[in-house]
Student: 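Sharing a structure, written as structure tokens. Questions coming.
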Amino acid sequence: MVSERLMPPMSVPIVTRFAPSPTGYLHIGGARTALFNWLYARGRGGKFLLRIEDTDRERSTPEATEAILKGLTWLGLDWDGEPVSQFSMKDRHAEVARQMLARGSAYKCFCSQEEIEAFREAARAEGRSTLFHSPWRDANPATFPDAPYVIRLKAPQEGQTVIEDRVQGNVTFGNDQMDDMVCLRADGTPTYMLAVVVDDHDMGVTHVIRGDDHLTNAARQTQIYKAMGWSEPVWAHIPLIHGPDGKKLSKRHGAVGLHEYQALGYPAAAMRNYLCRLGWAHGDDEFFSDAQAKEWFDLSGIGRAPSRLDFKKLENLSGLHIAASADAALLPEIEAFLAASGRPALTSTQRDLLSRGLYCLKDRAKTFPDLIEKAHFILTSRPISPDQAAAKALDTVSRGILSELTPQLQNVSWVREDIEAAVASVAAAHGMGLGKIAGPLRAALAGRTVSPSVFDMMLVLGREESLARINDATG
RNA sequence: GGCCCGUUCGUCUAUCGGUUAGGACACCUGGUUUUCAACCAGGUAAGAGGGGUUCGACUCCCCUACGGGCUGCCA
């Protein structure tokens with residue numbers, strides 16, 4: 001961790017950005033990167049921008065952009081202004097390349113790709129460095145052929161480039177390890193290296209927080225900043241997220257796309273909490289709100305080692321967030337989950353009952369599917385077909401006892417205390433504890449052996465429905 | 001191959017030269033209980049290995065091992 005003393009004065013408005021390439025869904029690691037940027041900006045009154053890095057025309061798709069935007073929206077990360085298409089800035093990128101040319105900090109290189117590839121292959125075969133040194137770096141313009149060319153950065157060949165990284169510390173690269181990177185391709189389109197630097201500069205990005213797979217890129221990008229005389233942003237390269245086995249996260253580890261987590265039924269607040277805590281810490285704080293996260297989040301709390309996904313911990317946090325949510329906020333989230341996971345939507349009756357019953361469901365569910373399972377007594381309708389375990393609980397003896405319950409419940413006032421007393425008296429009449437009668441009663445009311453308290457269920461369902469279900473069960 | 005980064009309980013992490021190395025998740029035991037969840041009490045469990053520096057290293061330095069990244073006219 002690096003000291004927070006390197007921070008720029010607070011008077012400088014902070015601008016962060018998330019810059020995904022639209023080649024697929026929003027990756028869980030990308031989501032965390034976005035979250036860190038969002039938290040950092042939002043916690044300091046700064047701006048959080050979104051840029052779609054769509055310069056690779058082959059692989060970029062509008063569907064992927066859509067998926068990324070949807071993912072961020074679900075996660076609750078709002079960005080400032082319109083998302084910027086990097087491709088749309090291509091003329092500006094080319095302009096900057098020309099400027100570098102004019103400044104003498106870049107040059108035209110007429111080497112063909114085949115030529116360079118042949119060189120690299122030979123170098124690799126001989127175990128030599130594959131760094132390519134263009135013969136055109138210091139060539140006389142008079143000798144330029146009438147042929148396509150790329151614009152390469154005239155990078156320093158001696159000395160070193162130092163990245164003052166807020167997570168990784170000072171990282172030094174020998175300039176002799178970097179070749180003159182291509183900034184503008186032969187077809188006039190910009191390369192990634194040029195495009196990011198120009199865009200980050202133009203967008204006024206002050207803090208670049210991204211995956212540490214870009215750490216070495218930062219050194220190259222620094223050279224462009226210097227070539228243009230621009231000031232560098234604050235760098236913060238965060239470690240990647242790995243799978244539970246410590247290997248780079250991939251499909252075989254299960255859910256990789258953020259949308260999968262929504263379909264799995266984790267509330268967005270829990271995802272934010274979990275993702276924020278993954279690779280970052282604020283002392284012993286584990287369970288916290290967005291407001292606290294914004295207040296606490298800083299670059300110095302980010303660890304330097306990659307962290308692994310732990311679904312158990314996510315699940316635990318998920319349960320805590322569901323329990324802490326207000327009923328009114330939970331209901332629409334549950335409905336969104338139902339839609340996202342391809343389950344049937346709630347009928348208006350179900351919605352009413354669910355909103356009435358949420359109080360006894362939310363603190364016993366870890367995820368939305370878990371909650372839905374426990375809300376089975378609400379979502380199902382008569383006649384209820386008990387599952388195997390429930391059917392077992394409704395044996396002849398139990399059914400007999402249950403039938404004695406009906407007259408008792410008929411006249412009792414429908415409040416918890418009285419219902420409980422009625423059930424207890426029937427149980428007592430048979431010399432059994434509440435536990436003995438709760439089992440079959442639960443089976444009759446819910447058709448399951450796992451549910452909220454039988455009294456809560458009766459309260460939520462109402463007298464008429466409750467008695468009807470008991471009658472159904474006792475036949 | 002070259003360059004760069006990383007390594008504390010199973011997992012996420014605290015620690016910023018002096019602690020019985022703390023917390024959380026998970027797990028185990030016991031309690032509570034109307035099932036589940038929750039809750040209460042307790043427990044198992046860690047500084048990759050080897051050298052230094054220092055009165056004293058998880059903390060600083062070096063080496064090794066193991067992971068990871070970059071090394072494109074991909075991003």
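Below, read A as the first sequence line, B as the second, and so on, with proteins coming before strands; counting in each chain starts at 1. From a predicted model like this one, the values you see are computed outputs, not experimental measurements.
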Student: Would you mind reading off the distance between R308(A) atom CZ and C12(B) atom C1', rounded to a whole angstrom?
Tutor: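 In whole Å, C12(B) C1' lies 11 Å from R308(A) CZ.
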Student: G52(B) and U59(B): how far apart are their C1' atoms, nearest whole angstrom?
Tutor: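 Straight-line distance between the two C1' atoms is 15 Å.
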Student: Expressed in whole Å, how much space separates the P atoms belonging to C73(B) and U11(B)?
Tutor: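 The answer is 39 Å between these two P atoms.
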Student: Of the nucleotides C73(B), U13(B), U34(B), which has the atom closest to the A186(A) side chain?
Tutor: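 When the side chain of A186(A) is considered, C73(B) is the closest of C73(B), U13(B), U34(B).
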Student: I'd like to know if K313(A) reaches the base of A24(B) with its side chain, counting only an N/O donor and acceptor under 3.5 Å.
Tutor: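 Between A24(B) and K313(A), which were checked side chain against base, a qualifying N/O pair under 3.5 Å is present.
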Student: Ion pair present between R364(A) and D370(A), side-chain N to carboxylate O less than 4.0 angstrom?
Tutor: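 D370(A) and R364(A): not salt-bridged.
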Student: What's the closest nucleotide to the side chain of T55(A) if the choices are A37(B), C73(B), A75(B)?
Tutor: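 Closest nucleotide to the T55(A) side chain: A75(B).
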Student: Considering only side-chain heavy atoms of L240(A), which listed nucleotide, G10(B), A75(B), G69(B), is closest?
Tutor: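 The answer is G69(B).
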Student: So, applying side chain to side chain contact (heavy atoms under 4.5 Å, CB included) with V198(A), which one of M203(A), H93(A), K90(A) is it?
Tutor: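 Going through the options one by one, the only one that passes is H93(A).
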Student: Going by the side chain to side chain donor-acceptor pair (under 3.5 Å) test, name the single residue among K154(A), H133(A), R137(A), R152(A) that passes it with D180(A).
Tutor: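 Among the candidates, only R137(A) passes.
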Student: With a 3.5 Å limit on both atom pairs, tell me what A57(B) is paired to, counting Watson-Crick and G-U wobble, or say none.
Tutor: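 Checking every strand shown, A57(B) finds no partner, since no pair has both distances under 3.5 Å.
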Student: Report the nucleotide, chosen from C5(B), U11(B), C36(B), that has the shortest atom-to-atom distance to any side-chain atom of R364(A).
Tutor: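 For R364(A), the side-chain atoms sit closest to C36(B).
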Student: So C276(A), base contact, sugar-phosphate only, or nothing? Heavy-atom distance under 4.0 Å.
Tutor: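 Counting heavy atoms under 4.0 Å across all strands, no contact is made by C276(A).
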Student: State which of C73(B), G6(B), A75(B) makes the closest approach to the side chain of Q168(A).
Tutor: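 Out of C73(B), G6(B), A75(B), the nucleotide with an atom closest to Q168(A)'s side chain is G6(B).
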Student: Rounded to the nearest Å, what distance is computed from the CE atom of residue M178(A) to the P atom of nucleotide G72(B)?
Tutor: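 Result: 13 Å.
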Student: Let's test your reading of the model: under 3.5 Å, does the base of G69(B) pair with the side chain of D212(A) as donor and acceptor?
Tutor: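 No, no donor-acceptor pair under 3.5 Å.
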Student: Using a heavy-atom cut-off of 4.0 Å across all strands, would you classify D187(A) as base, sugar-phosphate, or nothing?
Tutor: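 Since no nucleic acid heavy atom lies under 4.0 Å of D187(A), the category is nothing.
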Student: Mind checking the P distance from A48(B) to U13(B)? Whole angstroms is fine.
Tutor: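 Here A48(B) and U13(B) have their P atoms 15 Å from each other.
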Student: Looking at U34(B), does its base get a donor-acceptor pair with the side chain of S453(A) below 3.5 Å?
Tutor: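 Counting by modelled atom types and ignoring angles, a donor-acceptor contact under 3.5 Å is found here.
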Student: Without decimals, in angstroms, what is the distance between E373(A) CD and U35(B) C1'?
Tutor: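 Taking atom C1' of U35(B) as the reference, CD of E373(A) is at 12 Å.
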Student: Answer yes when D472(A) and R469(A) have at least one side-chain N-carboxylate O distance shorter than 4.0 Å, and no when they do not.
Tutor: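 So D472(A) does not pair with R469(A) through a salt bridge.
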Student: For a quick check of understanding: with a heavy-atom distance under 4.0 Å over all strands, which category does G435(A) fall into, base, sugar-phosphate or nothing?
Tutor: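 The residue G435(A) makes sugar-phosphate contact but no base contact.
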Student: Between the side-chain atoms of R442(A) and the base atoms of U34(B), is any donor-acceptor pair under 3.5 Å?
Tutor: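 A donor-acceptor contact between them is present.
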Student: Provide the Watson-Crick or G-U wobble partner of U32(B), both distances under 3.5 Å; none if there is no partner.
Tutor: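 For U32(B), the partner nucleotide comes out as none, under the 3.5 Å rule.
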Student: Kindly give the heavy-atom pair with the smallest separation between V460(A) and L353(A), and that separation in Å.
Tutor: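 V460(A) and L353(A) have their closest heavy atoms at O-CD2, 3.5 Å.
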Student: Does R57(A) make a cation-pi contact with F87(A), if we ask for NZ or CZ under 6.0 Å from the ring centre and within 45° of the axis?
Tutor: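 Yes, R57(A) and F87(A) form such a contact.
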Student: Could you check whether E53(A) gets within reach of a base, just the sugar-phosphate, or nothing at all, counting any heavy atom under 4.0 Å?
Tutor: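 If one applies the 4.0 Å heavy-atom cut-off, E53(A) turns out to touch the sugar-phosphate alone, with no base involved.
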Student: G72(B), OP1 or OP2 - any side-chain N/O from R120(A) closer than 4.0 Å?
Tutor: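 Result: yes.
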Student: Would you say the side chain of E117(A) and the base of G72(B) hold a donor-acceptor pair, judged only by whether the two atoms sit under 3.5 Å apart?
Tutor: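 For E117(A), whose side chain was compared with the base of G72(B), there is no donor-acceptor pair (under 3.5 Å).
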Student: Determine the Euclidean distance between corresponding C1' atoms of A14(B) and U29(B); express it in Å to zero decimal places.
Tutor: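 My reading of the C1' atoms in U29(B) and A14(B) gives 27 Å.
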Student: Go through C4(B), C73(B), G23(B) for me and flag the one nearest to the R277(A) side chain.
Tutor: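 That would be G23(B).
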Student: For G50(B) and C55(B), measure between their C1' atoms and round to the nearest Å.
Tutor: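 The same atom, C1', in both gives a distance of 23 Å.
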Student: Checking base pairs now: Watson-Crick or wobble, both atom distances under 3.5 Å. What partners G10(B)?
Tutor: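 Partner of G10(B): C25(B).
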Student: Could you tell me how far apart L278(A) (CG) and U13(B) (P) are, to the nearest whole angstrom?
Tutor: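 Those two atoms, CG and P, are 6 Å apart.
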Student: For R304(A) and C58(B), give me the distance from atom CZ to atom C1', rounded to whole Å.
Tutor: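 So the CZ-C1' distance, R304(A) to C58(B), works out to 14 Å.
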Student: Looking at the side chain of T216(A), which of G68(B), C70(B), U35(B) is the nearest nucleotide?
Tutor: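 Of all the options, the side chain of T216(A) is nearest to C70(B).
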Student: Have a look at V171(A) and say if it touches a base, only the backbone sugar-phosphate, or nothing, with a 4.0 Å heavy-atom cut-off.
Tutor: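 Sugar-phosphate: the residue V171(A), judged by heavy atoms under 4.0 Å, touches backbone atoms but no base.
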Student: When you get a sec, tell me which of U34(B), A75(B), G22(B) is the closest nucleotide to the side chain of S21(A)?
Tutor: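 Selected nucleotide (nearest to the side chain): A75(B).
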Student: Does G1(B) have a Watson-Crick or wobble partner in any strand here, with both distances under 3.5 angstrom, and which is it?
Tutor: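 Pairing partner: U71(B).
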Student: Measure the distance from CZ on F119(A) to P on G1(B) and round it to the nearest whole Å.
Tutor: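 After rounding, the gap between these two atoms is 19 Å.
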Student: Between F455(A) and G279(A), which is nearer to the 5' end of RNA chain B once each is assigned its nearest nucleotide?
Tutor: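 Here G279(A) is the residue nearer the 5' end.
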Student: Does a nitrogen or oxygen in the side chain of K248(A) sit under 4.0 Å from OP1 or OP2 of G69(B)?
Tutor: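 Answer is yes, contact under 4.0 Å.
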Student: Where the side chain of F173(A) is defined as all heavy atoms beyond and including C-beta, which of C70(B), U71(B), C4(B) is the nearest nucleotide?
Tutor: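 Per side-chain heavy atoms of F173(A), the pick is C4(B).
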Student: Taking only the side-chain heavy atoms of V450(A) (C-beta and beyond), determine which of A14(B), G68(B), U35(B) contains the nearest atom.
Tutor: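 Closest nucleotide to the V450(A) side chain: U35(B).
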Student: Let me know the distance between CG of L131(A) and P of G2(B), rounded to the nearest Å.
Tutor: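 After rounding, the gap between these two atoms is 13 Å.
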Student: Using heavy-atom distances to pick each residue's nearest nucleotide on RNA chain B, tell me which of R152(A) and A438(A) is more 5'.
Tutor: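 Its nearest nucleotide lies further toward 5', so the answer is A438(A).
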Student: From the options P62(A), S60(A), S85(A), P83(A), select the one residue that forms a side chain to side chain contact (heavy atoms under 4.5 Å, CB included) with P22(A).
Tutor: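 With P22(A) as partner, side chain to side chain contact (heavy atoms under 4.5 Å, CB included) holds for just one option, S60(A).
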Student: Tell me what E286(A) touches on the nucleic acid: a base, only sugar-phosphate, or nothing, going by heavy atoms under 4.0 Å.
Tutor: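 Answer is base: heavy atoms of E286(A) come under 4.0 Å of a base.
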Student: Test Q86(A) against I52(A) for side chain to side chain contact (heavy atoms under 4.5 Å, CB included), laying out the working first.
Tutor: CA-CA 6 Å; Q86(A) 186 161 63; I52(A) 306 299; over 6 Å; no
Student: Expressed as a whole number of Å, how far does the P atom of U44(B) sit from that of C60(B)?
Tutor: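 Nearest-Å result for U44(B) against C60(B) at atom P: 30 Å.
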Student: Please determine which of D212(A), L215(A), I209(A) meets the side chain to side chain contact (heavy atoms under 4.5 Å, CB included) test together with I238(A).
Tutor: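 Of all the options given, the one that passes is I209(A).
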Student: Does S307(A) place a side-chain N or O at less than 4.0 Å from the phosphate oxygens OP1/OP2 of U13(B)?
Tutor: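 Result: yes.
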Student: Please give, in whole Å, the distance from U11(B) C1' to K312(A) NZ?
Tutor: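 After rounding, the reported distance stands at 12 Å.
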Student: Suppose we call a contact any N or O donor and acceptor under 3.5 Å apart; does that hold for the side chain of D285(A) and the base of A24(B)?
Tutor: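 Checked by distance alone, the answer is no.
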